[in-house]
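One structure is given here, and the rest of the page talks about it.
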Amino acid sequence: MVELLPSILSADFARLADEIAAAERGGGTTIHVDVMDGHFVPNITIGPPVVASLRKATKLPLDCHLMIDNPNEFIAAFADAGADWVSVHYEACPHLHRTLQLILHHGMKPGVVVNPATRVDLIIDILPMVHHVLIMSVNPGFGGQDFIPFSLEKIRRLAAIRRELDLTFKIEVDGGVAHDTVAAIVQAGAELLVAGNAVFGAGQPERDARALLDAARQAEIL
Ligand code: DX5
Ligand code: ZN
């Protein structure tokens, strides 16, 4: 069953509670929070204080996507702020197993993220530990970029590995998920669909979340 995870990166940051409520009415089931540090990626966004405020503004799970160097230093702060899921980049974690253990230790659901240029085969050994794998289908840092087509093959490869190993982690996709790409993404095997621009970009998050989710569900039936 596919799910829509609205990414607040493209929302109005001065009206986050209203924006999230609208995206939830449109069918969003988990809120995707993009954390950027200006080092790992060329942009800066938000951190634990905003997550703590979001925690009070919605009952939906908060999926914190850490695009930061040295994520270990911030895991406890995100747990204290009320994060439910925390994902870290393969490319930012020289001791990825330890980082995932730390996330688990703080009672959160761990995820691992791979950039477009990173092969999914590199994370096979730690797949039994993760709740979700996030395939970046754009280079992280900004919303509203075009979906990179070869990401579809990576989703298919990851789905095949999951079958072979008989695992249950979820496959999440982030970047360029929109009306014209969502069907192929779902058919490739992704079930957690992150969308920022396609939900918030036109200022009609309820309507646009619902339309995107409907298109995703149609593709699932095909
Ligand atoms: C990009 C972020 C994404 C971003 C996706 O670095 O990780 O979550 O919000 O934005 P869209 O859906 O606009 O491509
Ligand atoms: Zn993200």
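All ligand and atom numbering here is 1-based and tracks the order in the structure. Throughout, numbering of the chain's residues begins at 1 and tracks the sequence. Every heavy atom of this structure was used, including side-chain atoms; hydrogens, water molecules and symmetry mates were not.
- Atom NE2 of His105 sits in a sparse spot, with 12 or fewer heavy atoms from other residues, nucleotides or ligands closer than 6.0 Å.
- Not a single N or O atom of Gly143, backbone or side chain, sits closer than 3.5 Å to an N or O atom of ligand 1.
- Near Asp34, meaning under 4.0 Å from any of its heavy atoms, are these atoms of ligand 1: 2 (C), 3 (C), 4 (C), 7 (O), 8 (O), 9 (O).
- The ligand atoms of ligand 1 that sit less than 4.0 angstrom from a heavy atom of Met67 are 6 (O), 7 (O).
- In terms of protein heavy-atom proximity, atom 11 (P) of ligand 1 is nearest to Gly144 N, 3.6 Å.
- Counting heavy atoms under 4.0 Å from ligand 1, residue Pro140 touches it through both backbone and side chain.
- The minimum heavy-atom distance between Gly28 and Leu60, with the atom names listed, is O-CD1, 3.6 Å.
- Remark: ligand 1 atoms within the under-4.0 Å shell around heavy atoms of Asp174 are 2 (C), 3 (C), 4 (C), 5 (C), 7 (O), 8 (O).
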| Ile135 vs Val113, side-chain contact (heavy atoms from CB on, under 4.5 Å): CA-CA, chis, key distance, verdict | CA-CA 6 Å; Ile135 304 234; Val113 192; over 6 Å; no

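- Its N, O or S atom nearest to the Zn ion (ligand 2) is what matters here, and for Asp174 that atom is OD2.
- More than 12 heavy atoms of other shown residues, nucleotides or ligands fall within 6.0 angstrom of atom CZ in Arg207.
- Looking at atom 9 (O) of ligand 1, its nearest protein heavy atom turns out to be Ser7 OG, 2.7 Å.
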| request: Apply side-chain contact (heavy atoms from CB on, under 4.5 Å) to Ile161 and Ile124, showing your working. | output: CA-CA 8 Å; Ile161 293 170; Ile124 286 178; 4.0 Å; yes

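- Counting non-hydrogen atoms of other residues, nucleotides and ligands closer than 6.0 Å to CZ of Phe147 gives a total above 12.
- Within 6.0 Å of atom CG in Asp12, more than 12 heavy atoms from other residues, nucleotides or ligands are found, so the atom counts as buried in its surroundings.
- In this structure the side chain of Leu66 never reaches within 4.5 angstrom of the side chain of His89, judged on heavy atoms.
- Side-chain contact annotation: Thr45 with Asp34, donor-acceptor N/O pair under 3.5 Å absent.
- Within ligand 1, counting atoms from 1 as listed, the ones closer than 4.0 Å to a heavy atom of Phe142 are 1 (C), 6 (O).
- For atom 14 (O) of ligand 1, the closest heavy atom belonging to the protein is Gly176 N, 2.8 Å.
- Using cut-offs of 30° and 60° on the angle between ring planes, the pair His65 and His32 is tilted.
- Residue Ala195 has at least one heavy-atom neighbour below 4.0 Å for each of these atoms of ligand 1: 12 (O).
- Remark: ligand 1 atoms within the under-4.0 Å shell around heavy atoms of His65 are 7 (O).
- The distance between the ring centers of Phe169 and His131 does not fall below 6.0 angstrom.
- If you number the atoms of ligand 1 from 1 as listed, the ones under 4.0 Å from a heavy atom of Gly175 come out as 14 (O).
- Within ligand 1, the atoms closer than 4.0 Å to a non-hydrogen atom of Asn197 are 11 (P), 12 (O), 13 (O), numbered from 1 in the order shown.
- The N/O atoms of Gly141, backbone and side chain alike, include one that comes under 3.5 Å of an N/O atom in ligand 1.
- The angle subtended at the Zn ion (ligand 2) by ND1 of His65 and OD1 of Asp34 is 90°, given to the nearest 10°.
- At least one N or O atom of Gly196 sits closer than 3.5 Å to an N or O atom of ligand 1.
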